[in-house]
Amino acid sequence: MTSTASSTDTRQGLAPYDQRPSWQQRLRRFGGSAGATSDGSGVIDRLVPPYAQPSPRLWAAFGFPHTLADRFARWSGWGGPLLVTLLAGVLRFWNLGSPKKVIFDETYYAKDAWAIVHRGFEVNWDKNANGLILETGGHVPIPTDASYVVHPPVGKYVIGLGELVFGFNPFGWRFMTALLGTLSVLMLCRIGRRLFRSTFLGCLAGALMAVDGLHFVMSRTALLDGVLMFFVLAAFGCLLVDRDRARARLAAALPADADGRVRPDAHTAETARLGPRPWRWAAGLMLGLAFGTKWNGLYVLAAFCVMSVLWDVGARRVAGARYPYLTVLKRDLGLAFLSTVPVAITVYVASWIGWILSPADGTGGYFRDWAATDGKGGLFAFLPDWLRSLWHYEHEVYKFHVGLSSPHTYQSNPWSWIVDGRPVSYFYESPSPGTDGCPADAADKCAREVLAIGTPMLWWAACAALVYVLWRWFFRRDWRAGAIACAVAAGYLPWFLYQERTIFFFYAIVFLPFLCLAVAMLVGAIVGPPGATDTRRVAGATGAGVLVLLIVWNFIYFWPLYTGTSIPIDSWRSRMWLDTWV
């Protein structure tokens with residue numbers, strides 16, 4: 001029996017390959033075969049679905065010897081993701097130091113990062129600091145006066161690590177975001193492979209993110225949101241691995257009958273212990289780092305914790321538990337909580353270690369001396385001064401965030417994000433002919449812009465993909481669709497609570513990986529299930545291929561706007577498809 005790697009459907013029962021023409025064989029064999037179910041009831045495969053095994057026929061079609069084709073097929077689980085990651089890395093690191101400017105909010109985070117890795121807290125910089133940093137190659141004195149900042153330290157430590165290695169310059173402060181952006185593509189390929197049990201769909205999801213304009217721009221800019229996205233995606237991946245391993249232990253615990261068939265068993269399902277779950281603890285660590293980068297990581301923490309517990313409920317139910325919710329409450333919920341929430345909070349507090357260790361005499365971090373001055377006495381005077389000062393700092397930051405309503409040219413309402421309604425211009429110049437890459441024979445000035453905009457065809461396809469995902473979740477009870485919907489909701493829906501705030505489209509980078517997973521799932525459905533007719537599969541593969549090629553073309557077309565490349569002003573205007581993009 002066979003299964004294709006290009007479909008999200010793991011049903012089996014294809015006709016023998018020798019009954020098809022060779023070109024159809026090659027189309028079918030784009031993926032591979034999955035072994036037959038090992039038990040009569042199917043409970044094992046429901047708990048631990050098999051991966052679609054890649055076939056060597058694709059490689060053999062290119063003329064590789066059979067032995068080498070077999071090796072390529074076996075290595076594809078890592079080889080494919082690594083090739084996609086290589087492409088993403090080349091794109092993101094190419095000419096990373098350009099524009100050689102302090103663009104958009106790099107004016108805050110690049111300098112905050114440099115200060116925090118040297119002093120342990122952010123400082124007030126002179127208004128002319130940006131020019132001096134660029135002119136001197138970063139050889140400027142670090143001020144001593146503490147600055148009031150409203151985001152936790154983790155993301156700035158990450159950016160600062162690149163500055164420590166490569167210097168206080170555009171390449172240095174963009175290095176770590178480019179590295180994490182590249183690694184996030186690798187993670188998404190592997191996450192998609194595990195989620196769909198398909199190397200092809202996993203690599204497709206990663207490739208889609210590699211050619212998304214918003215992800216590309218955020219990977220080449222020293223902002224916090226790309227760092228947040230990395231930790232959120234890593235947490236999702238850790239929980240996915242934990243899900244597979246916990247279900248595998250549960251499957252192994254089920255008894256076999258006299259015929260060797262494994263069937264659901266209520267006693268085992270309700271009493272089995274799933275053992276140590278290090279990947280869930282790793283997820284807690286990642287969620288703590290996400291929370292320590294930006295506060296909206298808290299919403300993701302809550303959503304992922306609920307999702308993980310519901311996965312346990314589903315596993316116990318499949319294994320035969322009569323009361324799966326009660327069983328999870330007794331057996332799993334306590335450890336699930338301890339391995340995520342306390343871990344995340346501990347990591348968050350630990351991320352403030354530089355601020356905590358700074359002097360409390362007024363020369364340390366902002367508000368570090370609050371407990372010893374304005375905060376003396378009170379009901380919680382028995383707590384350490386640093387803890388009370390930190391709590392006061394966090395309370396002031398909360399008041400700032402909920403009251404932030406200062407208008408900004410590029411602010412946008414979250415309703416517009418999903419359709420690329422209002423991108424953010426990080427950098428814009430109008431070089432004259434013959435300067436800064438503007439052709440000498442240009443009839444007018446050129447435009448040079450770095451525009452944080454998602455690849456339009458990808459985001460518009462994602463709108464349809466989200467509808468499909470919700471349909472799969474509600475009407476087919478597909479847990480994969482539910483997981484994608486949960487992750488998108490955790491990163492997107494909370495912003496609707498703050499529609500009056502000054503918020504921006506690039507915040508959507510947090511749920512972008514899951515939009516790519518949704519599009520990959522939709523592409524798998526377009527290609528068609530393994531049991532479909534050859535005509536259906538050919539039509540589906542053609543439609544899916546056209547969609548993917550349009551997305552790639554769209555990325556190439558907008559490339560100048562992602563990289564700050566000088567183009568004639570008419571070419572720039574032709575890329576402003578919507579009035580709201582200007």
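- Within a 6.0 Å radius of CH2 in W473, no more than 12 heavy atoms belonging to other residues, nucleotides or ligands are found.
- A salt bridge between R422 and D579 is absent, with no side-chain N of the basic residue lying under 4.0 Å from a carboxylate O of the acidic one.
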Using salt bridge (Lys or Arg N to Asp or Glu O under 4.0 Å), reason through D312 and R277 one step at a time and then give a plain yes or no. CA-CA 12 Å; D312 285 347; R277 302 178 70 166; 3.1 Å; yes

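- Separation of the Y108 and H151 ring centroids does not fall under the 6.0 Å cut-off.
- Annotation for A303 and A490: closest pair CB-CB, 3.5 Å, computed over non-hydrogen atoms.
- Nearest heavy-atom pair across A371 and S389 is N-OG, 3.0 Å.
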Decide side chain to side chain contact (heavy atoms under 4.5 Å, CB included) for S308 and R280; before the verdict, give the C-alpha distance in whole Å, the side-chain angles of both, and the deciding distance to 0.1 Å. CA-CA 9 Å; S308 179; R280 185 174 263 173; 2.6 Å; yes

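- Residue Y562 is tested with I453, L451, L214 for a side chain to side chain contact (heavy atoms under 4.5 Å, CB included); the sole match is I453.
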Could you check F504 against H408 for ring-ring contact (aromatic ring centres under 6.0 Å, His included), going step by step and ending with a plain yes or no? CA-CA 9 Å; F504 302 92; H408 191 284; 5.0 Å; yes

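- Atoms OG1 and CG, from T340 and L335 in turn, are 10.5 Å apart once rounded to the nearest 0.5 Å.
- Here the closest heavy-atom approach between residue S432 and residue K445 is recorded as OG-CE, 4.0 Å.
- Pairs passing the salt bridge (charged side-chain N to carboxylate O under 4.0 Å, His left out) check and including a residue from residues 116-127, sequence neighbours excluded, read E122-K156.
- In this structure, G206 and C189 approach most closely via the heavy-atom pair CA-SG, 3.6 Å.
- The number of heavy-atom neighbours closer than 6.0 Å to OH of Y148, taken from other residues, nucleotides and ligands shown, is above 12.
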Stepwise, does the side chain to side chain contact (heavy atoms under 4.5 Å, CB included) test hold for V397 with W295? CA-CA 10 Å; V397 168; W295 275 12; 3.9 Å; yes

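- No side-chain donor from either of H215 and R220 sits under 3.5 Å from a side-chain acceptor of the other.
- Counted within 6.0 Å of CH2 on W559, heavy atoms from surrounding residues, nucleotides or ligands total more than 12; the atom is thus considered enclosed.
- A 4.5 Å side-chain heavy-atom check between S351 and Y157 finds every atom pair outside the cut-off.
- In this structure, the ring of W114 has its center less than 6.0 angstrom from the ring center of H118.
- How far CG of N124 is from OH of Y366: 8.5 Å, rounded to the nearest 0.5 Å.
- For the pair L96/R92, no side-chain contact is recorded, criterion being any heavy-atom separation below 4.5 Å from C-beta on.
- Shown here are the disulfide (SG to SG under 2.5 Å) partners of C438, two or more places apart in sequence or in another chain: C446.
- For the residue pair V232 and A290, the shortest heavy atom distance occurs at CG2-CB, 4.1 Å.
- Of the residues Y348, Y299, F304, the one that meets the ring pair (Phe, Tyr, Trp, His ring centres under 6.0 Å) test with F291 is Y348.
- Note that the CG atom of L180 and the CD1 atom of I159 stand 9.5 Å from one another [nearest 0.5 Å].
- Here the CG-CD1 distance, from L298 to I345, works out to 8.0 Å after rounding to the nearest 0.5 Å.
- Within a 6.0 Å radius of OH in Y428, more than 12 heavy atoms belonging to other residues, nucleotides or ligands are found.
- With a 6.0 Å radius and a threshold of 12 heavy atoms from other residues, nucleotides or ligands, Y325 has its OH atom at or below the threshold.
- Distance check: Q411 CD to N413 CG gives 9.5 Å after rounding to the nearest 0.5 Å.
- Among F367, F121, W386, the single residue meeting the ring pair (Phe, Tyr, Trp, His ring centres under 6.0 Å) criterion with Y393 is F367.
- Applying the salt bridge (charged side-chain N to carboxylate O under 4.0 Å, His left out) test to pairs two or more places apart or on separate chains, those with a residue in residues 385-396 are D385-R388, E396-K399.
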Test ring-ring contact (aromatic ring centres under 6.0 Å, His included) on F555 and F216 and set out the steps. CA-CA 10 Å; F555 175 75; F216 178 80; 5.7 Å; yes

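- Stacking of R243 on the aromatic ring of W479 is recorded, both the 6.0 Å distance cut-off and the 45° axial limit being met.
- By the 6.0 Å contact criterion, CZ on F558 is enclosed, its count of non-hydrogen atoms from other residues, nucleotides or ligands being greater than 12.
- Residue M576 comes nearest to L561 through the heavy atom pair CE-CD1, 3.5 Å, listed as atom of the first residue, atom of the second, then distance.
- How far OG of S566 is from CH2 of W572: 13.5 Å, rounded to the nearest 0.5 Å.
- Not counting sequence neighbours, the partners of D225 by the salt bridge (charged side-chain N to carboxylate O under 4.0 Å, His left out) test are K294.
- Between F236 and the choices W279, F511, F231, F514, the ring pair (Phe, Tyr, Trp, His ring centres under 6.0 Å) rule is met once, by F514.
- Taking the six-membered ring where the residue is Trp, the centroids of W173 and Y109 are separated by 6.0 Å or more.
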L515 vs I418, side chain to side chain contact (heavy atoms under 4.5 Å, CB included): CA-CA, chis, key distance, verdict: CA-CA 10 Å; L515 293 182; I418 199 67; 4.1 Å; yes

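- W355 pairs by the side-chain hydrogen bond (donor to acceptor under 3.5 Å, both in side chains) definition with nothing, not counting sequence neighbours.
- Applying the salt bridge (charged side-chain N to carboxylate O under 4.0 Å, His left out) test to every pair with at least one member in residues 338-359, sequence neighbours left out, gives no pairs at all.
- Ionic pairing of E106 and K111 is not present here: no N-O contact between side-chain nitrogen and carboxylate oxygen is shorter than 4.0 angstrom.
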